[in-house]
Chemist: 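Dropping the structure in here first, questions after.
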Amino acid sequence: MRNAFCAAMINLQAKRDILFLTGDLGFMALEPLQAAMGGRFINAGVAEQNMVSVAAGAASQGLQCWTYSIAPFIYGRPFEQIRNDVCLHDVDVKMVANGGGYGYGVMGATHHAIEDYGVMCALQNMRVHVPAFADDLAPIVGRMEADPHPAYLRLGRCEKPKDFALPDYAPWRCLLPGGQGVLVVVGPGAGGLLAQMATRAEADRPALWVSTELPFRADALPVDLLSAIAASGAVFVLEEHVANGGAGQMLALLLMQHGVHPRHFGHFHAKGYLSGRYGSQAFHRVENGIDPASVLSEIAARMMA
Amino acid sequence: MASAKTLAANRVQVSAVAARKRLLRMHFDSKVGHIGGNLSALDAMLHLHADVMIDDDLFVLSKGHSAGALYISLWASGRLDETELASFHQDGTRLAGHPIAGWHAGIRFATGSLGHGLGLASGVALAKRLKAEAGTVYCLLSDGECQEGSIWEGVIFARHQNLANLVILVDANGQQGFGSTTEVASLEPLADKFRGFGLAVAEIDGHSVAALDGALATRGDGPLVVVLRTVKGRGVSFMENRMEWHYLPLTQALLDQALAELGPSA
C-alpha cells in the first residue's frame, strides 16, 4: 500500500500546500514524494515526539501536516504529543502508520501494532482509516485531506486477488453476498478471505463486508448491513488488532443500540504472542486464528451448531 | 524594541512590581501554588509581552506551570481583562492552572506536560518560514524541563532547520519538583549543552530587561537560546530559592508580608 499512498500524496501535494514529515522512514517507497515536494518534505530524524509536535505547531499556522513512520513508532512513541499537541488542539495533522497489525512479521513484537487504532480511537477529534486494499488509498487520502482534523492511517500489504473487481470505495462495502451470516473485516485481511470465498457457493460462505473508518458511527451503519445481520442472526468480526478497543467491541455496542441482537457473535482478533515464537505475518495470523482458513472454518462450525 | 505594532499598544501601565503583586493576589485568592516558578519567569515574560513582541510574534509557554505569569503578562499588556483574571482557577474559568487553548490569540497551545513547547514552537516557526510569514516565535522552557528527552529532539531539529525566527528562553531558576536541578539531574553548565548542539547562546540575568534586550539583539541566522539565570520566588524573601514554593499556596499573613516586601507599585 505504500506505493499507492505515495502516488496519492503526490497528487495531493500538487493541488494544495502541505507539509510532509517522516521519522527517517520511507526508503524505497517515498522517494518520488520527496522529489515532488522538495522543501515541503522533511526528514525529521529519529525523533518522533518532536516530529509530531512540530506538525501540530505547523498545522496551527494553517499548514496541513502529514507525519509518517512504522506503525508503533508513530502512534506509540509520540502518544502524548498526539493526545496533547494534535488532538486537544484539534489541528490538521495526519499520522501515517506503515505495517499495522503483524505486518512486520518476523522483525519482532516491537515492530508490530496490534493495539494502535484502539488507542487512537480513544482520543478526541481523531478519525482512523484502515484501508483494505491498495485501491482504497486514493479515496482515503482524499477523505483525510478534506477533513481538517486529526487522523490516523494504518497501512498494510494489499492482498486483493488480481481478478476481483472492487465496488466503488465507501467506508462500508459489501464485497460478497453469503448465506452463513455476516463477516465484517477491518484491514487487508479481507483480501485473503476473498481469495478463498469467491469460489465457494453463496450458501457456504458468510456475506463479506469491509469497513475502513473507525470509530464506527452509529448513524453511518448501512441499512443493508443491519438488515443482513438481523435476517441471518449471525455476525462475525475479523481484525488484526486486540479485542479491547477493537472494531468487534465497537460493532457489538452499536448493534445493541440499534436493537439488533444476533444469536451468533464471533470476534476474530489478535491475542498477542501465544507461543512466544515469531514468524511472518501469516504465521502470527494462524497462531491467533485470524487467517482466512481458520476464520471460515470457525464460522461454518458455529453456523452448523 | 518597541514599535508601532507593539502588542502592548493598549498596554495598561503596570510596573513589574505591580504585576508581581497582582500575581500574588491572584494566587492567594485562588489558593493556588506554583508561585515560585511564576515569579522567576515573570520579568522576562512581562517584558516580552509588554515591550518586545509585535503582532506577528507568538509566545509559547512550554513550562505551563507558569500559567499565572502568562495571564499576568497578557493582563499587563492589555490583552486580558480584570474580570477574566479574577476567574483564575475557579470553576468555569478559562484561566486554568496550566494554559488551555482555543480562546485567546496569545495562548496558542495547551501546555503543562513538560517537553512539548519547543516542538510546537518550532512547528510554528517552520510554517512561518515556509509560508514567508513574518514574526518571531518565543518559547519559554524551564531548566528542570530540559531533562525531558523531547527537548533535545527539538533542539536538534531547530538547529538543523536553522529556525532563525525562533528564540528559546530557559528559566534557569535551579529548582525543580523535588529538589534542586543540580541535586536531581544536573545539566550544568546548561548553556554549554545548547552550544554543544551548535546553537547561539546568551546567558544573562533573567530579571534584567536590559540584559534581555541585549541578548535578543544578538540574534543571527539560526535559533537563539537565552538562558535566564533567575531566582525562584524572586522578590519575596521567604520564597526565594525555596523548592517548597513550587507547591505552597499563600496564607493571608504571608501575602501581607510579601506585598510589604515588594514595596510601592509605581
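Chain A is the first sequence line, chain B the second, and so forth, proteins listed ahead of strands; every chain is numbered from 1.
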Chemist: Taking all atoms of both residues into account, what is the closest heavy-atom pair of A:G39 and B:L130, and its distance?
Modeler: O-CD2, 4.1 Å

Chemist: What's the spacing between B:S150 OG and A:M51 CE if we round to 0.5 Å?
Modeler: 14.0 Å

Chemist: Does a sphere of radius 6.0 Å around CD in B:Q90 hold more than 12 heavy atoms from other residues, nucleotides or ligands, not counting ones at 6.0 Å or beyond?
Modeler: yes

Chemist: Do you know which of B:A125, B:G154, B:G123, B:A101 has the most heavy-atom pairs with chain A at a distance under 4.5 angstrom?
Modeler: B:G123

Chemist: For the pair B:E153 (side chain) and A:N50 (backbone), establish whether a donor and an acceptor sit closer than 3.5 Å, ignoring hydrogens and angles.
Modeler: yes

Chemist: Any chance you could measure A:Q49, atom CD, to B:I151, atom CD1, to the nearest 0.5 Å?
Modeler: 10.0 Å

Chemist: Answer yes or no: are there more than 12 heavy-atom neighbours, outside A:H111 itself, under 6.0 Å from its atom NE2?
Modeler: yes

Chemist: Hey, what do you get for CD1 (A:I42) to CD (B:Q161), rounding to the nearest 0.5 Å?
Modeler: 4.5 Å

Chemist: Are more than 12 heavy atoms from other residues, nucleotides or ligands located less than 6.0 Å from atom CZ of A:R127?
Modeler: yes

Chemist: Checking B:H116 side chain against A:S53 main chain: does a donor-acceptor pair fall under 3.5 Å?
Modeler: no

Chemist: Is it the case that over 12 heavy atoms from other parts of the model lie below 6.0 angstrom from the CZ atom of A:R217?
Modeler: no

Chemist: Determine whether A:L19 and B:L126 make a side-chain contact, defined as any pair of heavy atoms from C-beta on separated by less than 4.5 Å.
Modeler: yes

Chemist: For chain A, which of B:G112, B:G119, B:G102 has the most heavy-atom pairs under 4.5 Å?
Modeler: B:G119

Chemist: For A:Y169, which residues count as a ring-ring contact (aromatic ring centres under 6.0 Å, His included) partner, sequence neighbours excluded?
Modeler: none

Chemist: Keeping the roles fixed (side chain from B:K128, backbone from A:Q61), state whether a donor-acceptor pair exists under 3.5 Å.
Modeler: no

Chemist: Name the region of A:E80, side chain, backbone, both or neither, that has any atom closer than 4.5 Å to a heavy atom of chain B.
Modeler: both

Chemist: Is there side-chain contact between B:V124 and A:S60, with at least one heavy-atom pair below 4.5 Å?
Modeler: yes

Chemist: Using a 3.5 Å distance criterion without hydrogens, assess whether the side chain of B:R108 forms a donor-acceptor pair with backbone atoms of A:G57.
Modeler: no

Chemist: Side chains of A:N84 and B:F109, heavy atoms from C-beta outward: is any pair under 4.5 Å?
Modeler: no

Chemist: OG1/B:T111 to CG/A:D85 distance, rounded to the nearest 0.5 angstrom?
Modeler: 9.5 Å

Chemist: Checking A:A56 against chain B: side chain, backbone, both or neither under 4.5 Å from a heavy atom?
Modeler: both

